[in-house]
Amino acid sequence: MKEFLGLPLDASAHGTQIDQIIVITHWLMLLLFVGWGVFFIYTLVRFRKSRQQQADHVGVRSHASSYLEVAIAVFEGALLVGFAIPVWSNVVSAFPSEQDALVVHVVAEQFAWNVHYPGVDGVFGKRDINLISEDNPLGLDRSDPVAEDDIATINQLNLPVNKNILIYLTSKDVIHSFGIPLLRVKQDVIPGQTIRVWFRPTMTNDQIRESMAKRYTISRGQIPEGLVLSVAMDGYQASDGSLILEKGDYVTEDVIEQLIAEGISEVNAAPDTPMEIACAQLCGLGHYRMRGTVTIQTAEEFEEWLAEDAEYLEW
Amino acid sequence: MDLTHADNVKKSVKAYIMVFVALMALTIVTVAISTLHLSVRAAIVVALFIATIKAGLVASYFMHLISERKLIYAALALTAIFFLVLMVLPVLHYLEPIGN
Amino acid sequence: MSDEETKENSTSPTEAIETAGPHVAAPHVVEHLELGFWRKYVFSTDHKMIGIQYGITGLLFLLFGFSLMLLMRWQLAYPGEAIPFLGELFGPDRMPEGIMLPEFYNQLGAMHGTIMVFLGVVPLAVGAFGNYILPLQIGAIDMAFPKLNMASYWAYFLGGVTMLTSFFVPGGAANSGWTSYAPLAVIATMGQTLWLFGMVFLITSSLLGSINFIVTTIQLRAHGLSFMRLPFFVWAQLVTAFLLLLAFPPLEAAGILQLMDRLAGTSFFLPSGLVVSGVPLEVSGGGSPLLWQHLFWFLAHPEVYVLILPAMGIVAEIIANNTRKTLWGYKSMVYALIFLGFMSFIVWAHHMFLTGMGTTISAFFQTTTMIISIPSIVILTALFLSLWGGSIRFTTPMLFALAFLPMFGIGGLTGLPLGLAPPDIHLHDTYYVIGHFHYIVAPGTLLALFAGIYYWYPKVTGRKLNDTLGKIHFWGSFIFLNGVFMPMFIQGLAGVSRRLYDGGAIYAHAQGVLHLNEFISVSAWLLGLAQIPFIINFFMSMRKGKKVSDNHWEATTLEWAATTSPPLAHGNFATVPEVHRGPYEYSLPGHKKDYTPQNERVEV
Amino acid sequence: MEIPYTATARPDTGLFNAKLGVWMFLASEVMLFGALFSTYVLLRVGAPSWPHGYEILNIPLATLNTVILISSSVTMVMSWASLMMKEFKKYKMYMGLTILLALGFLIVKGFEYGAKFSHGLYPSESTFLAIYFTLTGLHGLHVIGGIIVNTYFWGPGSKMWHTDPQRFTNRVEVAGLYWHFVDLVWIFLFPVMYLL
Ligand code: HEA
Ligand code: HEA
Ligand code: CUA
Ligand SMILES: [Cu+2]
């Protein structure tokens, strides 16, 4: 059913529980729809005028339908009590402790996601709206000693795999929605409020690409818009033995030209940045392009990235 | 009381005067209490209690709800329920943020 | 049957078959007031003329709202490409060189939603069908307050004009979605102010209308027409009126507050510390964006039932008539309807699961949402079971009415995963939601409204709509509506957000389902073409349609006891009807004809 | 042809049309003001601090206005009772008084607003003032509406007394129901805005 529904890959610890409820409800829906549908069609055919000149004033006399209704009600009750409410209370709104998690602040604005890491000291520096400027979109107060090692990025969220992630969401201007479909995370970001959301990624970006890879038919000028197919799972060689495309390379126009020249019409590829933050709440004219990239890394890679970025962002 | 008869109306005029006196008295009481500067909680309870009595008097006598038809009662009961819902649920949402 | 009653029964059974309602108007009942053109067609106080006014205006708005969507669907199918021929007409502020700007896309989206809901479907379902049919079905000579009725139409008209004007002010029409969430709507361009004023007019119109419907139904029922003898359509309108009456005022309040925020500089919906485009917003702050959502959805959830209940009413009438049997479980349907109306006031926050909701509150709203699905199921089941044992005629209205059932089924069933908070995390604000509600309002309500038009057209004009054109219209609409909305579920499950100017083109997770956009758009355009036979039929049949008798469908309810195209200026019936039986006495055993009108005293 | 039950009550419901109509209207008004009171509660609960009404607003003036409005409710109900007792002259007097009192209410309100504005206290100043001006302003609009209706029934509309006294009495009763409701809203508004 999950495949049939076309749910995207799920790379978080709690995602299966959400998917499970989606799948169960869709089974219920399918059952009801098919059941009713069969009855419906059968009735229409059997009681058409040409076959049934005279109607029966009363019609159905059995009470089966009442039992059916009760059964649906019971089933819905079970869904609620057995799945939906527990998942909400044990997963969605049961937060890990801060010691037990990587804490990140995300500040939404029209039309970008500002990410704020506390740096090595693990303490967030002060932010002040009066300091907000072009190159300090967070309004981070660099004179605050604990802010010195803080790291800020725009539209780029790096996270370690298999660790609880606790995100504090705020918005500078209007309501946005922090949605990461591949993690089954979505949380409205409401100005004037700090709302937390948490999850635990279970796959790194590399693993995700690995499992998402599929064959794409290529043709000239047909690279999917805004998304570069990359990371061919195996390299592609030209007839003279030179490498056209190596694992991890982008499939560019150029490459496609070369491949086509070599008579290759399909590549095995996956999206370069499969994991993304999609703003899910209308937030103005740039709502459609309020996209952030999420990179899930191994713990070591993540530490490395932090260290490098900290250097790079030295003020 | 059937208010379609002039005699009954005459009697009810007396009631109107009494209600008027009561409303005035309650107005004075509520203002007087407010000068005591009770704790916020107590002040709210007292003020709303008095206001409810006053409103009850106006509705029962001036608007003769006391002798109105069932149909009107039903409609107002329905309205009262939704009114309460509107007052209570948004605040509850506000007071119980995610993660508690 | 007592002797007396038999004697009084003036119509012999054979007569009754030929003339369901006497043709000769008794002069003491129907006044032939000669009204001038203005009083007759424009500032009319007659419920039928007002119903027609609502109907025409509503249909035009429906068409207009649909046209907005046809433009949007181009941008979704071919993002960033110029719209051929038409594009340039919109000018450089909206479509420079024929390419739609994101600003304009958002205007079209917000106005599509607003117009379809408040200016198209509700005026048609309640304003037109309610006004025209309800007084006739209860045997009344008019609405209880004819002048209010007229005021209601004109308030609606003004609201519509205000909304249309807003396209031409600087910055264009409202562009913050039909939901107008604050703070976005508060800081939006001037069109939003007009949107709010327009809404105030529309709310006023609805309030006047709903008071009128309630009083009319309760006070002006014909003698003998007890509540449990009311046609289901009347019940649906009555419950709808209560929804409008009690749910709209909070939106009016919210509208006033948002106007204050926009015009008087208050901060009801603006928290402290906002920074817009890098500049701190100079307001006092201290407001709450969630407050708007609560007030908005307090209306908007009941509002969606306003969109569906009259449709169910229409479908019930047509099914009873075309199966030639009584509705199965009429009483349970009525109770379910009332319960549904009541519950619809306490589920609204299922639109707000992701606003940071704790377990208790979310559990409450999930539970009420699941509960409210039960009465819908009861009503739908009753309609299904009503088919069993019937003698089903596949007339044009019946086709539309039958198609309503599974379409509403799909829409309603897809409400279930949305109503559970955890799945809503994945599905919220995706095309799944768009698919969910469109299945209810478009293949659902719209088909039911079409059914109603085909069914009651003879009552209004004395002529029938052409069946061939009607069937083309039906199959075209039915197929293409599914073509439009079914793929949306696939897109939604893949996680594609709604309200995206480029249909999700830049998102990796959307790539696999992006190609569906073109399919949807083409279906939408074909859906547009499928309406042409209807429009032709609608106007042509007024003159050329087949003339039919007063009770063409051999129906039982009172509207068919009135003459065709009942005379204007109060007084629908030649003689005031008296009711002797329930609404759907079809195929009574031992009776000669297979229908026994409500006003027929006895039949031997 | 006349619409039935405009003057007399329908036997099974016991109501004439306008009475049911106005009660339905009042039900919707309850929801309108309910939403605004709900707004007040939500804003107040969410605010870090909230001023006491008496620190900002003028209690004596508001108390005076409460007295005025309650009195006008009494004169309103008396005007209807006078009609019931077929005393048209008394009706005119009581109705006239009601209108004057209502005008008095507006004048006092005008002074109150004027004083606020002259101190630079506008709705945009704080959420307290915002909700204060919105609630009292909307209530004031209702008072104005009531004055218009009552003036009509006092003046030109009262001709109906001579042609259809029953129906006219009904109309005054209905106008009265509305007017008492306006009073009722104030009874809550006064403590909520001024005293808490
Ligand atoms: C007329 C309109 C209408 C109706 C009737 C409904 C009915 C329901 N709706 Fe829907 N809804 C909308 C219009 C409607 N909705 C709109 C417009 C939105 C989006 C607003 C926006 O954000 O812009 C929305 C959004 C919406 C959400 C929010 C989603 C989100 O934003 O994340 C939710 C969540 O609970 C929801 C739930 C439901 C439920 C449980 C029902 C239930 O009442 C449904 C009950 C019905 C059934 C269970 C069907 C039973 C079926 C059968 C008996 C027949 C089977 C048939 C055959 C086989 C022939 N709806
Ligand atoms: C009642 C409500 C209603 C109805 C009927 C419709 C009908 C349709 N809607 Fe709409 N829609 C909404 C309410 C409605 N919609 C809302 C509330 C939104 C959300 C807005 C927001 O994001 O804020 C939305 C959003 C919405 C979107 C998403 C946009 C986005 O998220 O960016 C799309 C996308 O395809 C869409 C498409 C359609 C289509 C193709 C139809 C078709 O089904 C239309 C079919 C119409 C007809 C067939 C017209 C028939 C008319 C006639 C035949 C007239 C004849 C005239 C005379 C005789 C005079 N709608
Ligand atoms: Cu941010 Cu949409
Ligand atoms: Cu809803």
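Model, not experiment: these values are computed from the prediction. Because only heavy atoms are used, hydrogens play no part in the values below, and waters and symmetry mates are left out as well, while side chains stay in. We name chains A, B, ... by the order of the sequence lines, and we start the count at 1 in each one.
Atom CH2 of D:Trp154 is surrounded by 12 or fewer heavy atoms from other residues, nucleotides or ligands within 6.0 Å. In D:His119, the NE2 atom is not crowded: 12 or fewer heavy atoms of neighbouring residues, nucleotides or ligands sit closer than 6.0 Å. Counting non-hydrogen atoms of neighbouring residues, nucleotides and ligands closer than 6.0 angstrom, the CZ atom of C:Phe197 reaches no more than 12 such neighbours. Other residues, nucleotides and ligands place more than 12 heavy atoms under 6.0 Å from the CD atom of D:Glu55. Atom CZ of C:Phe227 has more than 12 neighbouring heavy atoms from other residues, nucleotides or ligands inside a 6.0 Å radius.
For the residue pair C:Gln219/D:Thr13, the side-chain donor-acceptor check at 3.5 Å is satisfied.
The greatest number of non-hydrogen atom pairs below 4.5 Å with chain C, out of D:Thr39, D:Ile131, D:Leu42, D:Leu36, is found for D:Thr39. Note on C:Leu257, C:Thr216, C:Asp261: by heavy-atom pairs under 4.5 Å with chain D, the leading option is C:Leu257. Chain C forms more heavy-atom pairs under 4.5 Å with one residue of D:Ser124, D:Gly21, D:Ala35, D:Ala9 than with any other, namely D:Ser124. Chain C forms the most heavy-atom pairs under 4.5 Å with one residue out of D:Arg10, D:Glu29, D:Met31, and that residue is D:Arg10. Counting heavy-atom pairs under 4.5 Å between each of C:Ser272, C:Ala247, C:Ala144 and chain D puts C:Ala144 at the top.
Contact detail for D:Leu43 and C:Gly286: the closest heavy-atom pair is CD2-O, 3.8 Å. The heavy-atom pair separating C:Phe145 from D:Asn17 by the smallest distance is CZ-O, 3.5 Å. Taking all atoms of both residues into account, the shortest heavy-atom contact from D:Glu125 to C:Ser284 is O-CB, 3.3 Å.
When side chains are defined from C-beta on, C:Leu246 does not count as touching D:Val30, because their heavy atoms never get closer than 4.5 Å. With contacts defined as side-chain heavy-atom distances shorter than 4.5 Å, the pair D:Phe25/C:Leu245 does not qualify. Looking only at side-chain heavy atoms (C-beta outward), D:Thr127 and C:Thr266 stay at 4.5 Å or farther from each other.
Once rounded to the nearest 0.5 Å, the distance linking CD1 of D:Ile3 with CG of C:Leu220 reads 6.5 Å. Rounded to the nearest 0.5 angstrom, D:Ser38 OG and C:Phe298 CZ are separated by 9.0 Å.
Proximity to chain D involves both the backbone and the side chain of C:Leu291, based on heavy atoms less than 4.5 angstrom apart. Within the 4.5 angstrom heavy-atom criterion, no atom of D:Ala47 approaches chain C. Contacts between C:Phe248 and chain D at a heavy-atom distance below 4.5 Å are absent for every atom of the residue. For a residue to count as touching a neighbouring chain, one of its non-hydrogen atoms must lie under 4.5 Å from one of that chain's; by this rule C:Ile256 touches chain D with the side chain only. At a 4.5 Å heavy-atom cutoff, C:Leu251 makes no contact with chain D through either its backbone or its side chain. Using a 4.5 Å cut-off between heavy atoms, D:Tyr122 makes no contact with chain C at all. The parts of D:Leu15 that come within reach of chain C are both its backbone and its side chain, each placing non-hydrogen atoms under 4.5 angstrom from that chain.
Using a 4.5 Å cut-off between non-hydrogen atoms, the part of residues 203-212 of chain C that approaches chain D consists of C:Leu207, C:Ile211.
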